[in-house]
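Positions are given from 1, in the same order as the sequence printed here.
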Amino acid sequence: MYTTPITTELLRGALDLEQTARGVLPHRLPAWARTQYDDGQMSMVESQPSGVRLVFRTSATVIELETLPTKRDYVGAPPRPDGVYDVLVDGQLVTQLTATGGDVITIDLMTGATSTREGHAETLRVDGLADVPKTVEIWLPHDETTELVALRTDAPVEPVPVTRRVWLHHGSSISHGSNATHPTGTWPALVAAQAGVELVNLGFGGSSYLQPFIARTIRDTPADLISLKLGINIVNSDGLRLRSFTPAVHGFLDTIRDGHPDTPLLVVSPILCPIHEDTPGPTNWDLSALAAGELRFTATGNPDEIPAGKLTLSIIRTELSRILTQRALTDPNLHHLDGRTLYGAPDNLAHPLPDDLHPDAPTLELIATRFVQHAFEPKGPFSA
């Protein structure tokens, strides 16, 4: 067996590769940004490799990937399934694997307390592959921090050059892949497959707040197409008021345009979320559901505070439309999409949000199909 060093040449979708005591850890934010914002939630989600995959060319019939995942165990909630590794050969899904070992972080949703139990690495094996040259992609679990320990094959591997357009997408947990059942089932991954583009997924669960360091990361990352899905986390956290939201959006877009002055840029407002359409944040756990062993969310803000600047999804959509209409007068490559085009009131009747906040896997497929139809159609903002 050949052991191939895991380097950035073999990884796509990661912006940094950290050397650890046990292997290498892909990150979706650069080291300077992680140092600048030492937040536990962001540290967790940016290290979860949504959209990150190993890509190489080989004639190997046997492939082994030794990994060390980090699992999450929520006290009082149903156990989470193990993360899934999707293995594609020449673009076709051939098998799905899971690693049951690894570290475990136990999180108490009521108190926020955490504890960590160290585990062991596990080797995933794919065999019986044809002895012919082929392109192999191993998509890492989208919701499980994953250290890569070793890549072993029975034939040499070589990197594959990127020849397709690079699409960089930023958003919240829905973009990250919450409720997706496997890594190529997140809606951005589904879009990338349908549209034939290379994905860089900067969707960060619970962590999309118009942070300047994310705007600078997007500014500095090569991309042919950029989309931003903005708004839901700002309501979830009750993090901004209308007076501060407007300049934050302008500043975010200004910074991106410093590095991508002419790149097609599509800004998507929030999809329908009934609990927050007209009720401000913050969002909290539904304690009655949690007591019954279910994960659900509820809006706890006071609508009477809306005149004082509290934000709802309806207000954010209106303000984003106004901002983008104004900016598009001097920026012909800036585009806007109302998120309810992807998931609106009729869809909520047919496909209600299972936890009142996140779409389920079939609905993510619906969102992906509609995004492709809007963005990549012949007259769409991302048309070739």
Side-chain angles (χ1 to χ4, degrees), residues 1-14 23-24 26 48-69 71 81-102 121-164 166-167 176-177 179-201 361-362 364-365 368-369 372:
M1 298 286 282
Y2 297 82
T3 299
T4 302
I6 298 174
T7 65
T8 54
E9 287 187 315
L10 298 182
L11 274 176
R12 296 188 188 172
V24 293
Q48 293 172 347
S50 184
V52 178
R53 62 270 186 205
L54 286 160
V55 182
F56 52 87
R57 191 83 176 159
T58 185
S59 294
T61 64
V62 177
I63 298 171
E64 291 183 348
L65 180 63
E66 186 176 355
T67 73
L68 199 151
K71 314 286 186 178
D82 290 319
V84 175
Y85 298 73
D86 284 347
V87 181
L88 282 64
V89 174
D90 291 332
Q92 300 299 310
L93 181 67
V94 297
T95 191
Q96 294 177 310
L97 305 169
T98 58
T100 58
E122 186 168 330
T123 297
L124 308 175
R125 182 181 173 93
V126 182
D127 54 23
L129 299 175
D131 183 14
V132 295
K134 53 193 168 290
T135 298
V136 176
E137 302 174 43
I138 304 176
W139 287 65
L140 305 181
H142 62 286
D143 58 355
E144 215 171 64
T145 300
T146 304
E147 291 185 62
L148 303 174
V149 180
L151 174 65
R152 295 182 288 267
T153 56
D154 64 349
V157 307
E158 60 183 21
V160 179
V162 175
T163 57
R164 304 187 298 183
V166 175
W167 169 45
H176 185 142
N179 287 350
T181 57
H182 60 108
T184 58
T186 70
W187 80 259
L190 291 167
V191 167
Q194 293 178 40
V197 293
E198 288 292 325
L199 172 65
V200 176
N201 188 357
L364 293 176
E365 295 181 12
T369 297
V372 170

Of the non-hydrogen atoms in [X] and [Y], which two are nearest, and what is the gap between them?
X    : Y    : answer
P133 : S59  : N-OG, 3.4 Å
T186 : S50  : CG2-OG, 4.3 Å
P159 : P161 : O-CD, 4.0 Å
L364 : N179 : CD1-C, 4.3 Å
V149 : A121 : CG2-CB, 4.2 Å
P69  : Y85  : CB-OH, 4.3 Å

Nearest 0.5 Å please: distance from the [atom1] atom of [X] over to the [atom2] atom of [Y].
X    : Y    : atom1 : atom2 : value
L88  : K134 : CG    : NZ    : 14.0 Å
N201 : H176 : CG    : NE2   : 7.5 Å
T100 : E122 : OG1   : CD    : 4.0 Å
T369 : W187 : OG1   : CH2   : 11.5 Å
E66  : E147 : CD    : CD    : 11.0 Å

Identify the residue among V87, V55, T184 that makes a side-chain contact (heavy atoms from CB on, under 4.5 Å) with W139.
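In the set V87, V55, T184, the residue that makes a side-chain contact (heavy atoms from CB on, under 4.5 Å) with W139 is T184.
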
Hey, are the side chains of [X] and [Y] touching, using non-hydrogen atoms and a 4.5 Å cut-off?
X    : Y    : answer
L148 : L140 : yes
R152 : T3   : yes
L151 : L10  : yes
K71  : E144 : yes
P183 : V84  : yes
I63  : F56  : yes
R53  : D86  : no
V89  : V126 : no

Heavy-atom count around Q96 CD within 6.0 Å, excluding the residue itself: above 12?
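Yes, enclosed.
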
Between the main-chain N or O of [Y] and the side-chain N or O of [X], is there a donor-acceptor pair closer than 3.5 Å?
X    : Y    : result
D154 : M1   : no
T98  : G83  : no
T67  : T146 : no

Test side-chain contact (heavy atoms from CB on, under 4.5 Å) on L65 and T123; report intermediate values, then the result.
CA-CA 6 Å; L65 180 63; T123 297; over 6 Å; no

Decide yes or no on side-chain contact (heavy atoms from CB on, under 4.5 Å) for V166 and E198, but give the supporting numbers first.
CA-CA 5 Å; V166 175; E198 288 292 325; 4.2 Å; yes

Check R57 with E158, please: is the shortest side-chain N to carboxylate O separation under 4.0 Å?
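No, no charged N to carboxylate O under 4.0 Å.
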
